[in-house]
Amino acid sequence: MSPTRSVRRRLPAAHPLFVAVLAVLPLTAAAQDATPAQKEAATLDAVKVTAARKVENIQDVPVSISTVSGEKLDALASGGTDVRYLSGRVPSLNIESSFGRAFPRFYIRGYGNTDFRLNTSQPVSLVYDDIVQENPILKGFPIFDVEQVEVLRGPQGSLFGRNTPAGVVKFDSVRPSQEFEGYGKVGYGSDNLWNVEAAVGGALSARWSARVSALYQRRDDWVKNTGTGPNDGLEGYDESAVRAQFLYEGDNFEALLGAHTRHLNGTARLFRGNIFKKGSNDFVPGFDENKVSIDGLNHSELDSSGANARLSWDLGNYKLSSITGYETVDTYSVGDIDGTSGPYFTAEVPFASETADGIPSHSQWTQELRLESQNDGPLNWQTGLFYFKEDYDVDSFSYDTTNGSKQDGFQRINQTNDAWAVFGGLTFQATDKLELRAGARYTVDKKDLTVKEYWNTGFSPCVLSAKCDLAGLLAAQQAAFAAGDAVDPYLSASTKDKKFNWDFSATYAVNDRVNVYGRVATGFRGSSIQSAGAFNDKTVADPETVLSFEAGVKADFWDNRARLNASVYHYRVKDQQLTAVGGSTGNANILLNADKSVGQGFELDLQAYLTDNLLVTLGSGYNHTEIKDADLSVAGCMSCTVTNPLDANGKVLINGNSLPQAPEWTHNMTARWSLPLADGAQFYVFTDWAYRSEVNFFLYESKEFTGKSLLEGGLRVGYQWNDGDYDVALYGRNITNQIRATGGIDFNNLTGFINEPRLWGVEFKTRF
């Protein structure tokens with residue numbers, strides 16, 4: 001990296017939206033001298049979060065947190081989109097997927113994992129109703145009847161049980177209550193889109209209450225296939241999900257029991273081959289997002305279900321909690337990954353490729369026991385045990401699209417993951433103004449991977465090893481599998497990691513409206529295993545660890561009409577696990593460890609009632625990430641224009657590059673204006689916008705595989721009556737119809753996939 005380039009990255013030019021935020025701050029500060037009439041005006045409600053595994057005011061928690069709830073969740077979900085609609089909706093959060101609706105990948109502060117294997121792990125943990133969703137397919141469970149989404153930035157390794165070095169995205173469903181209540185919502189939009197939700201709950205007895213909620217979404221295919229493949233149309237889907245909860249409230253005991261299920265049937269990620277102009281990231285002339293030309297099959301199926309039991313006993317000065325969870329998923333996805341035939345086909349595509357992946361069997365068990373104090377004094381604590389057990393198979397298929405999509409390869413692996421941890425935390429009110437917190441966790445994490453079956457008519461795991469008796473290896477493997485014997489040890493691996501993590505923070509109350517805090521924390525993600533494949537030996541990536549420093553301010557001002565939370569941070573990851581996909585030397589997904597990577601930046605969240613009827617929110621994040629490993633190189637693509645230097649072996653040196661899918665800037669804004677009418681009615685306009693700057697799709701930098709900046713906006717115009725019990729609205733998503741590539745596949749051609757185009761619709765909601 002040249003000195004000029006390095007300086008430019010460390011001293012970023014102010015983004016226009018960030019300048020607008022700074023311009024607002026002195027105006028809101030000046031408004032402290034409000035008139036008595038203004039002091040009677042609309043104010044912001046306190047936001048309750050459970051970032052420390054107990055209910056607290058968000059302003060008192062020494063962690064950078066953002067929340068999404070209420071009308072904002074409704075507006076974002078209007079278009080029937082999946083969990084990826086949260087991307088960019090809070091500072092420093094990016095979500096993308098090469099599997100479509102089935103497999104979201106989360107990044108916080110630029111820190112995530114682009115690995116697309118079904119046995120991968122992510123440094124961002126997703127927790128749904130206190131149950132960790134570890135497998136990446138589980139992370140796509142739809143958002144409906146949710147009270148709040150919390151995004152916790154930075155390592156959360158003390159109190160959350162699995163792989164949280166980057167942060168946690170936490171979903172909390174609406175709990176049952178004794179009051180009879182619920183809602184119904186139906187929406188209709190472009191491409192015959194239907195989006196239906198409903199929930200109902202209430203008392204079953206003096207002690208028992210229940211709540212049942214359901215979701216149904218469908219959309220017709222909106223992309224026409226002009227190629228020879230079996231799909232005439234693509235990108236349609238139908239999805240359904242149901243959740244049931246039962247709550248028992250005793251004198252000193254509470255039990256919250258839940259079960260859920262999901263079904264998805266539709267299109268896998270649609271890969272579009274050769275869509276970039278050579279030497280740039282512009283689309284080729286004539287590119288049409290409504291058309292594609294593929295000769296392979298595209299399809300996706302998914303079924304998942306789970307159950308949980310959250311029990312708590314009030315023991316006076318102590319509280320004992322037990323959280324038990326079970327999750328299972330069955331999925332299959334097939335796609336034409338070269339994405340190319342017809343008008344986009346070029347001689348630069350050396351082969352045609354169609355692959356499929358699935359999980360035919362899966363189980364995840366989690367158990368947590370936690371004991372916490374409930375003292376009136378300055379010192380409180382909590383301690384607990386956590387256990388995690390996962391066992392699943394992954395099937396991988398390959399097909400030859402030049403031979404009628406005849407299957408030419410298959411692999412089945414089994415991976416087990418057993419982990420346990422002991423954890424604890426202390427909170428000490430040192431003075432009236434100073435609070436200290438500390439946490440610690442010791443984890444043992446064990447993984448075993450075995451290849452149960454493997455064959456491929458064209459490639460073998462011996463390619464990069466000394467074992468190059470292809471026929472003998474495959475024959476021995478098939479014979480061992482048929483006889484039920486253990487497979488070749490070359491095709492299996494085991495890891496066992498032990499790690500101690502800790503965090504320490506301090507919060508100082510400047511006054512009753514302003515807190516400042518500092519936090520230092522560590523995080524850990526266990527080793528990853530990749531089975532032997534056609535172009536790579538069996539690969540084990542060492543565990544990665546992170547050390548993070550953070551400082552921030554949380555302030556309510558303008559007589560609770562405005563709230564500003566801001567933080568600065570720096571983190572460094574040792575032995576970060578990275579994924580390289582190198583088209584020029586073999587289209588393989590290869591695990592690597594970088595010596596170190598670093599990230600630094602800031603975030604801010606601002607909310608303000610500018611008038612009684614105008615609520616505006618602004619969020620901004622700057623994240624500079626950099627890989628620091630002078631000797632690390634990866635295979636580059638064959639047909640793109642790589643801008644990094646090469647080593648003596650012709651591989652691309654990636655030292656100094658940003659992490660993949662790590663935008664430097666993320667901004668978001670919402671504005672809601674209402675016009676009160678008679679008898680509790682109102683007319684309103686709600687708009688939301690999210691921006692992310694350009695991103696690298698891969699570890700190396702190239703002109704074609706650099707994703708352009710993306711700005712998506714939504715608009716909702718509606719009428720409410722009967723004090724908001726009824727709502728009808730017209731809505732639009734991605735209203736400017738900005739189409740960008742959001743990811744790519746480096747398989748020797750310029751293949752990418754894109755964001756959702758503009759969508760319009762109407763929606764009606766009633767609550768009772």
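Side chains are part of it too, since the values below use all heavy atoms of this structure and drop only hydrogens, waters and symmetry mates.
Taken to the nearest 0.5 Å, the CG atom of L659 stands 4.0 Å off from the OG1 atom of T625. Remark: R211 CZ to S213 OG distance equals 6.5 Å, nearest 0.5 Å. Considering CG of L615 and CZ of F686, their distance stands at 8.5 Å, rounded to 0.5 Å. Between atom CD of residue E390 and atom OG1 of residue T328 there is a gap of 10.0 Å, rounded to the nearest 0.5 Å. Rounding to the nearest 0.5 Å gives a distance of 9.0 Å between CZ of R758 and CD1 of I739. For the atom pair I745 CD1 and T751 OG1, the distance stands at 7.5 Å (nearest 0.5 Å).
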Please lay out, stage by stage, how D303 and Y332 fare under the test side-chain contact (heavy atoms from CB on, under 4.5 Å). CA-CA 9 Å; D303 289 281; Y332 173 81; over 6 Å; no
Please report the C-alpha distance between S66 and D605 in whole Å, then the side-chain angles of each, then the deciding distance to 0.1 Å, and finally whether the side chain to side chain donor-acceptor pair (under 3.5 Å) criterion is met. CA-CA 8 Å; S66 295; D605 270 315; 2.4 Å; yes
Give the C-alpha distance, both sets of side-chain angles, the deciding distance and a yes or no for side-chain contact (heavy atoms from CB on, under 4.5 Å) between V132 and S125. CA-CA 7 Å; V132 64; S125 187; 3.5 Å; yes
Decide yes or no on side-chain contact (heavy atoms from CB on, under 4.5 Å) for W222 and L234, but give the supporting numbers first. CA-CA 6 Å; W222 56 270; L234 298 153; over 6 Å; no
Report the C-alpha separation of T617 and T670 in whole Å, then their side-chain angles, then the decisive distance to 0.1 Å, and conclude whether the side chain to side chain donor-acceptor pair (under 3.5 Å) test is met. CA-CA 5 Å; T617 71; T670 70; 2.5 Å; yes
What do the steps show when you test N113 against Y107 for side chain to side chain donor-acceptor pair (under 3.5 Å), and what is the final call? CA-CA 7 Å; N113 184 13; Y107 307 78; over 6 Å; no
Verdict with reasoning, N755 to T742, per side chain to side chain donor-acceptor pair (under 3.5 Å): CA-CA 6 Å; N755 62 315; T742 57; over 6 Å; no
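Salt-bridge formation is not detected for the pair K48/E56: no Lys NZ or Arg NE/NH1/NH2 atom is positioned less than 4.0 Å from an Asp or Glu carboxylate oxygen. We find that D172 and K170 are joined by a salt bridge, their nearest charged nitrogen and carboxylate oxygen being less than 4.0 Å apart. Salt-bridge formation is not detected for the pair E756/R84: no Lys NZ or Arg NE/NH1/NH2 atom is positioned less than 4.0 Å from an Asp or Glu carboxylate oxygen. In summary, D556 and K554 do not engage in a salt bridge, as defined by a charged side-chain N under 4.0 Å from a carboxylate O. Using a 4.0 Å cut-off between charged side-chain N and carboxylate O, R89 and D688 make a salt bridge. Between E763 and R716 there is a salt bridge, since at least one side-chain N of the basic residue sits less than 4.0 Å from a carboxylate O of the acidic one. Using a cut-off of 4.0 Å between Lys/Arg side-chain N and Asp/Glu carboxylate O, K708 and E694 are scored as not salt-bridged. K185 and D74 are joined by a salt bridge, as a carboxylate oxygen and a charged side-chain nitrogen come within less than 4.0 angstrom of each other. Using a 4.0 Å cut-off between charged side-chain N and carboxylate O, E71 and K765 make no salt bridge.
Side-chain N/O atoms of E301 and H263 include no donor and acceptor closer than 3.5 Å. S173 and R243 form a side-chain donor-acceptor contact under 3.5 Å, judged by distance and modelled atom types alone. Under the 3.5 Å distance criterion, with hydrogens and angles disregarded, no donor-acceptor pair is assigned to the side chains of Q661 and T114. Side chains of Q607 and R561: no donor on one and acceptor on the other come within 3.5 Å. When only modelled atom types and interatomic distance are considered, N613 and Y609 share no side-chain donor-acceptor pair under 3.5 Å. The closest side-chain donor-acceptor pair between R109 and Y622, if any, does not fall under 3.5 angstrom.
Contacts classified as salt bridge (charged side-chain N to carboxylate O under 4.0 Å, His left out) and involving residues 255-269 (residues at least two apart or in different chains) are given here: E239-R262.
N57 approaches A46 most closely through the heavy-atom pair ND2-CB, 3.8 Å. In this structure, D115 and R105 approach most closely via the heavy-atom pair O-CD, 3.7 Å. Residues L215 and N195 share a closest heavy-atom pair of CD1-OD1, 3.9 Å.
Using a distance-only test at 3.5 Å, with no hydrogens or angles considered, a donor-acceptor pair links the side chain of Q122 to the main chain of P104. Between the S64 side chain and the R153 main chain, no donor and acceptor come within less than 3.5 Å of each other. The main-chain N or O of V223 is never found under 3.5 Å from a side-chain atom of D221 such that the two would form a donor-acceptor pair. With hydrogens and angles ignored, the 3.5 Å screen pairs no side-chain donor or acceptor of N94 with any backbone N or O of G88. A side-chain donor-acceptor contact under 3.5 Å links T687 to the backbone of G714. Of the possible polar contacts, one joining the T611 side chain to the L614 backbone as a donor-acceptor pair under 3.5 Å is found.
Taking the six-membered ring wherever Trp is involved, the centroid distance between the rings of Y719 and W721 falls below 6.0 Å. Ring centroid separation for the pair F171 and F141 does not come in under the 6.0 Å cut-off.
In this structure D232 satisfies the side chain to side chain contact (heavy atoms under 4.5 Å, CB included) test with no other residue, sequence neighbours excluded. With sequence neighbours excluded, no residue satisfies side chain to side chain donor-acceptor pair (under 3.5 Å) with S693. T666 meets the side chain to side chain donor-acceptor pair (under 3.5 Å) test with no other residue; sequence neighbours excluded. Listed by chain and number, the residues in a ring-ring contact (aromatic ring centres under 6.0 Å, His included) with W760 amount to none (sequence neighbours excluded). Every residue was checked against the salt bridge (charged side-chain N to carboxylate O under 4.0 Å, His left out) condition with D727, not counting sequence neighbours, and none meets it.
Note: F602 and W665 have perpendicular aromatic rings, judged against thresholds of 30 and 60 degrees for the angle between ring planes.
Using a 4.5 Å cut-off on side-chain heavy atoms (C-beta onward), L86 and I143 make contact. Looking at V127 and V169, their side chains never come closer than 4.5 Å, going by heavy atoms from C-beta outward.
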